[in-house]
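Counting starts at 1 for both ligands and their atoms, following the listed order. Note: hydrogens, waters and symmetry copies are ignored here, and every other heavy atom, side chains too, is used.
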Amino acid sequence: MKLSKLIIGMTLATGTLGFVALASAQTTMKISISTAQNSHQGAAIDTFAKEVEKRTGGRYKVQTFYSGALGGERESIEAVQLGTQELAFSSTGPVPNFVPETKILDVPFLFRDKAHARAVLDGPIGQDLLTKFDAKGFKALAWGENGFRHMTNSKRDVKAPEDLKGLKMRTMENPVHIAAYKGLGIVTTPMAFPEVFTALQQGTVDGQENPLSVIMASKFDQVQKHLSLTGHVYSPCILVMSKPAFDKLSAADKTAFLEAAKEAVKANRSRVDQDDANGVTELRSKGMTVIDNVDKTKFVAALAPVNADFEKQFGKANIDAIRAIK
Ligand code: EAX
């Protein structure tokens, strides 16, 4: 009798344990982007999902959502902060509203080229900025990118800052961008990304600015005629996770997520490089007029007063430290 009770007890205990093990084998998390799957952001989250699954032996699955299916970038970051969505890959557009220290990265003409931007983000300055997310309920896993932003519009060729005067352009909901574009004489209309295509199509705004990767993935060539390679600002992306969700991971799984994020960034950057290499030819073939000899010094000069303001806001020494990175 005693023995059979013991056996029943053991069977129940093993059964329960087995159930617990099975349940934890199936943790699914959500990640979202605002661009299409076939894009530099899609490359990032598809790689991340694959690597997380591989590196955790399938105990974690990452469900991927594209094209703003779960909302715009601000909403996705909010959802991660609230913990209703575990992960997001987003431009820094709405990020300063959550982590103000990141504003400095959105200063126009701060980075010379992608190699410079990547070196800063992967180096001490970028890594220190990642830690600023902790206090706001995030674990920032890695910096990725959209690339250098260029201007498009439906009205005219933009060769110099004078050509921008009075153009109504959609901007990101980012205070640094808004201040800079106002300084160029643009009539700024901040708007969430999922609304941009329709706004361009209906003429609510004349133009917008985004990297070639985003312009192509979002088919803006269908609703915009003029593209100018202004490269006026580098657009970083952040792979961000809910801090409580990250903190719950075992030490080994934390490493797995961080390594997966590194792989995601590699895939993301290499797709941006590919898009930058093919973009002009492709967009010309789709009917866009591309101005590829923009005199950037004129734009830098036009932004001098705004830049003086940024130096005051973010500290000239901090801006100089970023510029000095080789
Ligand atoms: O991250 O809002 C924007 O223009 C962003 O560059 C876009 O959502 C891709």
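Side-chain contact check for Glu73 and Ser91: at least one donor-acceptor pair (N or O, by modelled atom type) lies under 3.5 Å.
Under a 4.0 Å criterion applied to the non-hydrogen atoms of Asn146, ligand 1 contributes the atoms 1 (O), 5 (C), 6 (O), 9 (C). Below 4.0 Å from some heavy atom of Ser34 lie the following atoms of ligand 1, by number and element: 1 (O), 7 (C), 8 (O), 9 (C). Within ligand 1, counting atoms from 1 as listed, the ones closer than 4.0 Å to a heavy atom of Met172 are 2 (O), 3 (C), 4 (O), 5 (C), 6 (O).
Residue, atom and distance of the protein heavy atom nearest to atom 6 (O) of ligand 1 are Asn210 OD1, 2.7 Å. Of the protein's heavy atoms, Phe193 CD1, 3.6 Å lies nearest to atom 7 (C) of ligand 1.
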| message | For Met169 and Tyr181: C-alpha separation, side-chain torsions, deciding distance, then whether side-chain contact (heavy atoms from CB on, under 4.5 Å) applies. | response | CA-CA 9 Å; Met169 300 218 343; Tyr181 305 156; 5.9 Å; no
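Checked by distance only, ligand 1 and Ser235 stay at 3.5 Å or farther apart across all their nitrogen or oxygen atoms.
For an aromatic pair to be called close, the ring centres must be under 6.0 Å apart, and Phe98 with Phe133 fails this.
Both tests hold for Lys254 against Phe246: distance to the six-membered ring centre under 6.0 Å, angle to the ring axis within 45°.
Checked against side-chain contact (heavy atoms from CB on, under 4.5 Å), Pro190 has the following partners two or more places apart in sequence or in another chain: Thr171, Glu173, Ile178.
Distances from atom 9 (C) of ligand 1 to the heavy atoms of Gln41, Arg74, Arg170 put Gln41 nearest.
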List the atom pairs, with distances to 0.1 Å, where a side-chain N or O of residues 297-312 and a protein N or O form a donor-acceptor pair under 3.5 Å, not counting sequence neighbours.
from: Thr297; atom 1: OG1; to: Asp295; atom 2: OD1; distance (Å): 2.5

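Judged by the shortest distance from any of its heavy atoms, Arg149 lies inside the 4.0 Å radius around the atoms of ligand 1.
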